[in-house]
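To keep things clear, I will list the structure first and then write my remarks on it.
Predicted, not measured: the structure shown is a model, and the values here were computed from it. Quick note: numbers below take in every heavy atom, side chains included, and nothing from hydrogens, waters or symmetry partners.
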Amino acid sequence: MVLSGCQGKQDISVEEKICPQCGHEIEIFSVDPQAVCENCGFTIYNDSLNCVQWCQYARQCVGDAQYEQLMAVAQAQKERKQAALREKMAQQMQEQ
């Protein structure tokens, strides 16, 4: 539940994604950090984490458990992006 006084409050929406493992359609709510494919069990992550990353009231707004989940997903996304960048840079160095 989002606090009623939150300036960045957004309506909850549902996004449909395609499972990269089996091609099955997966529904993920905008407030969920992840969703599991009902067909094969593959876990997808919500790429559109929002104000939880920067708002000083985020923990109070979404609760401790949801806050920790969202921040863990944000950290994992950051690490994946950094790893991909390092790999790309290493590949460019080898090509030279």
Side-chain angles (χ1 to χ4, degrees):
M1 181 175 123
V2 177
L3 294 176
S4 61
C6 177
Q7 298 301 311
K9 180 180 171 185
Q10 298 177 348
D11 292 328
I12 296 175
S13 60
V14 177
E15 185 177 344
E16 294 177 351
K17 295 191 173 218
I18 301 298
C19 177
Q21 188 163 316
C22 73
H24 188 75
E25 190 173 275
I26 305 170
E27 289 185 350
I28 185 167
F29 288 88
S30 59
V31 295
D32 290 338
Q34 62 193 34
V36 176
C37 177
E38 294 176 358
N39 189 51
C40 71
F42 186 83
T43 300
I44 63 162
Y45 295 93
N46 190 342
D47 297 329
S48 59
L49 295 177
N50 50 32
C51 60
V52 172
Q53 293 181 45
W54 53 264
C55 180
Q56 65 180 337
Y57 302 108
R59 185 180 293 273
Q60 176 186 359
C61 186
V62 298
D64 289 334
Q66 185 77 1
Y67 177 83
E68 293 300 330
Q69 277 188 311
L70 290 168
M71 293 306 286
V73 170
Q75 182 63 32
Q77 287 176 346
K78 180 180 177 182
E79 290 170 4
R80 282 194 303 270
K81 286 179 185 179
Q82 289 173 341
L85 181 59
R86 283 192 300 271
E87 185 177 318
K88 183 177 180 181
M89 290 174 66
Q91 187 177 39
Q92 288 175 346
M93 295 283 283
Q94 288 177 352
E95 291 174 358
Q96 292 181 356

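Among pairs with a residue in residues 63-72, those fulfilling side-chain hydrogen bond (donor to acceptor under 3.5 Å, both in side chains) read Arg59-Asp64, Arg59-Glu68, at least two apart in sequence or across chains. Note on residues 18-31: no pairs pass salt bridge (Lys or Arg N to Asp or Glu O under 4.0 Å), not counting sequence neighbours.
When every heavy atom of Cys37 is checked against every heavy atom of Ile26, the shortest pair comes out as CB-CD1, 3.6 Å. Between Cys22 and Asn39, the shortest heavy-atom contact is SG-ND2, 3.3 Å.
Residue Glu38 qualifies as open at atom CD: its count of foreign heavy atoms under 6.0 Å is 12 or below.
At least one side-chain heavy atom of Arg86 sits under 4.5 Å from a side-chain heavy atom of Gln82. Using a 4.5 Å heavy-atom threshold, the side chains of Pro20 and Phe42 count as touching.
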### Query
Going through the distances and angles, do Gln91 and Glu87 end up as a side chain to side chain donor-acceptor pair (under 3.5 Å)?
CA-CA 6 Å; Gln91 187 177 39; Glu87 185 177 318; over 6 Å; no

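Separation of atoms CG (Leu85) and CZ (Arg80) is listed at 15.0 Å; rounding is to 0.5 Å.
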